[in-house]
Protein chains: 2
Amino acid sequence: MTATTVHEPTHREALWELEDAFERGDLITIFGRCTVEYDGRAASSLGLGRRLLLLKPDGTALVHTDEKQKPVNWQPPGSEHHAAVRDGRLRVRSVRTSPDETLDVHFETVEQLSAMAVSGRRDLSVTGSEADLRNALLDRPAVIESGFEPLATERPTDAGPIDLFGRDTDGRPVVVELKRRRVGPSAASQLQRYVAAIEREDGDDAAVRGILVAPSVTDRARRLLAEHGLEFVAVEPPSSTGDAGGSTTLDTELSQTDAVDDSAHDPAGDATGDDDGEPARTLSADEESH
Amino acid sequence: MTATTVHEPTHREALWELEDAFERGDLITIFGRCTVEYDGRAASSLGLGRRLLLLKPDGTALVHTDEKQKPVNWQPPGSEHHAAVRDGRLRVRSVRTSPDETLDVHFETVEQLSAMAVSGRRDLSVTGSEADLRNALLDRPAVIESGFEPLATERPTDAGPIDLFGRDTDGRPVVVELKRRRVGPSAASQLQRYVAAIEREDGDDAAVRGILVAPSVTDRARRLLAEHGLEFVAVEPPSSTGDAGGSTTLDTELSQTDAVDDSAHDPAGDATGDDDGEPARTLSADEESH
DNA sequence: CATTGGATGTCGCGA
DNA sequence: TCGCGACGTCCAATG
């Protein structure tokens, strides 16, 4: 059996088991009545109650209650766990430096302590990231705009790396910022920073265009884009579940460029001033590409 | 005993225990060899390995491996957990809607299953938040600038709520954005948005000043502030550990206003153009206030 | 180390 | 519900 478990151990028994489990590099769960105190970047205190403490061999500590996804208290990987019996309580202390932070869990009673050898996460694969969206757009740049020519990804600028940089049919430089979800004001500002950086660096007389590519945009973000003469293109990320949604599959080379500012570039003159009403184009990475 | 535990149960035994634990509203831990699949906002897949599955009565599901603070896979609160035996494996499925997301954990073998009644987190108290910093500054507004007069907190604008709004000795409106940690470009942009909003709304001829208050600022953020004629004031948040750091305690009413742009307002003419070199002022909320 | 921005961010608050 | 911003965000990539 790979899981060692003790029920209602004395604090001293719990201490022995803990030391052994630390030694083996096991993942440890301790369930019992405890108080929790944290001091570091902030400070917090949690009164007596039943909670679950998770100790990982990489130095992570997590205190979980009956609700929420995030632990009520924690310590990041790289911390050092120590256990001791003090004042008739089992104290588990997790400490790290830079910044100096300490987590103290004092168990009045330990109801269960388990230790088990768990595997890593080397083989986790995730799809649907912004990088995936970018790759899909590189395959079908016309989704952004008919004739759009990608020149670089992660192009470095004074203001940080640009997701996607290219040229339009008029030869004008285009800065593209990609977001996998609906965007708010911060994304508009981010794009604005990149556009300003390119305008400073390239110093070309040709105005630099900025296009925010995302599934949708909030009103405030839309206004911000307009203020800065930036554009928005609605693109649904490749849906993982085989496109159960009602979005349109990309099948034309004409892109729905939605110029939010009248003065902005409007290649087809078909800007509808709408993004949520008109379904965004769906990018299927698995489609016959090239 | 409040913790129910079964070791190496058959899938059917595990299923019974699970149903009972769901019924009781217990927190459940399942340790065993399993695969994990997720599909929703993104999609992911994790091969066979030993992991710990946490199921909370509020609908949270967490899959933890031997490292990192974040679960390798999860489902947020409000999801619905279902268990079944399929193809000789124990399947725990957690589903939610809007957005539609499914987490499937397939156990080849269950090595341990525990269920326990855990407490809530109602009595958690945290200090050191941005709100704490704001309150401290309301007590001692001169830390921001000599003569600064706070007028409102969370003042609503077209661009969102302003942390702290007030007037300087010249009667000029001042937008203050607070950050509890070192700030980067996004904070500068955020302040810029708020200043622009006030300039639009108040329409006063008097230029609106913007001050970013934080422990320190990155180079890029500093440049951004300068570009927009915004200012920076270094203020250390009240340290939780009784101020073990080497920061200066606030004891004068003259604030270190660091005008980053030459054209910016410089009331005392003593801007040093320095923030990290000169230690930031420390705000002690517990000091004799008022 | 510090900087920067993505994330299945999560969470809380307010309209 | 959505929008918005804080968070002890966490985390990886990069200089």
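Order of the sequence lines sets the chain letters (A, B, ...), proteins ahead of strands, with each chain counted from 1.
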- Task: For B:A159, report the nucleic acid contact type (base, sugar-phosphate, nothing); a contact means any heavy atom under 4.0 Å.
- Result: sugar-phosphate
- Item | Side-chain donor/acceptor of B:R51 to backbone N/O of B:H64, under 3.5 Å | no
- Task: Please measure how far the P atom in D:dG8 lies from the corresponding atom in C:dT4, and state the result in whole Å.
- Result: 22 Å
- Task: Specify the separation, in whole Å, of atom CD of A:Q75 and atom P of D:dC11.
- Result: 12 Å
Hey, what are the protein-to-nucleotides 9-11 of chain C N/O distances that come in under 3.5 Å?
residue: C:dG9; atom: OP1; partner: A:R181; partner atom: NH1; Å: 2.8
residue: C:dG9; atom: OP2; partner: A:R180; partner atom: NH1; Å: 2.6
residue: C:dT10; atom: OP1; partner: B:R41; partner atom: NH2; Å: 3.3
residue: C:dT10; atom: OP1; partner: B:W74; partner atom: NE1; Å: 2.7
residue: C:dT10; atom: OP2; partner: B:R41; partner atom: NH1; Å: 2.9
residue: C:dC11; atom: OP1; partner: A:Q69; partner atom: N; Å: 2.7
residue: C:dC11; atom: OP1; partner: A:K70; partner atom: N; Å: 3.0

- Judged by atom type as modelled, is there a donor-acceptor pair below 3.5 Å linking the side chain of B:Q75 to the main-chain atoms of B:S94? yes
- Item | Pairwise distance OG1(B:T60) to CG(B:L54) - rounded to 0.5 angstrom | 9.0 Å
- Whichever of A:A221 and B:E130 has its nearest DNA chain D nucleotide further upstream toward 5': A:A221
- Message: I'd like the P distance from C:dA7 over to D:dC7, given in whole Å.
- Response: 22 Å
- Query: Between A:D219 and B:P71, which is nearer to the 5' end of DNA chain D once each is assigned its nearest nucleotide?
  - Reply: A:D219
- Task: Could you walk me through whether B:E154 and B:D163 pass side-chain contact (heavy atoms from CB on, under 4.5 Å), step by step?
- Result: CA-CA 5 Å; B:E154 304 299 321; B:D163 282 344; 3.9 Å; yes
- Query: Whole Å only: how far is the CG atom of B:D132 from the P atom of D:dA6?
  - Reply: 15 Å
- A:D163 atom CG is separated from C:dT4 atom P, nearest whole Å, by 16 Å
- Item | Rounded distance in Å between the P positions of D:dC4 and C:dT8 | 22 Å
- To the nearest 0.5 Å, how far apart are CG in A:L212 and CZ in A:R222? 10.0 Å
- Message: Check this for me: does any side-chain nitrogen of one of A:R180 and A:E130 sit under 4.0 Å from a carboxylate oxygen of the other?
- Response: no
- Distance, nearest 0.5 Å, that separates CG of A:L191 from CG of A:L225: 6.5 Å
- Report the nucleotide, chosen from D:dT1, C:dG6, D:dG3, that has the shortest atom-to-atom distance to any side-chain atom of B:S98. D:dT1
- Note on the structure: To the nearest angstrom, the CZ-P distance between A:R222 and D:dC2 comes to 18 Å
- Task: Mark yes or no for a side-chain to base donor-acceptor pair under 3.5 Å between A:N73 and D:dG8, with no hydrogen or angle criteria applied.
- Result: yes
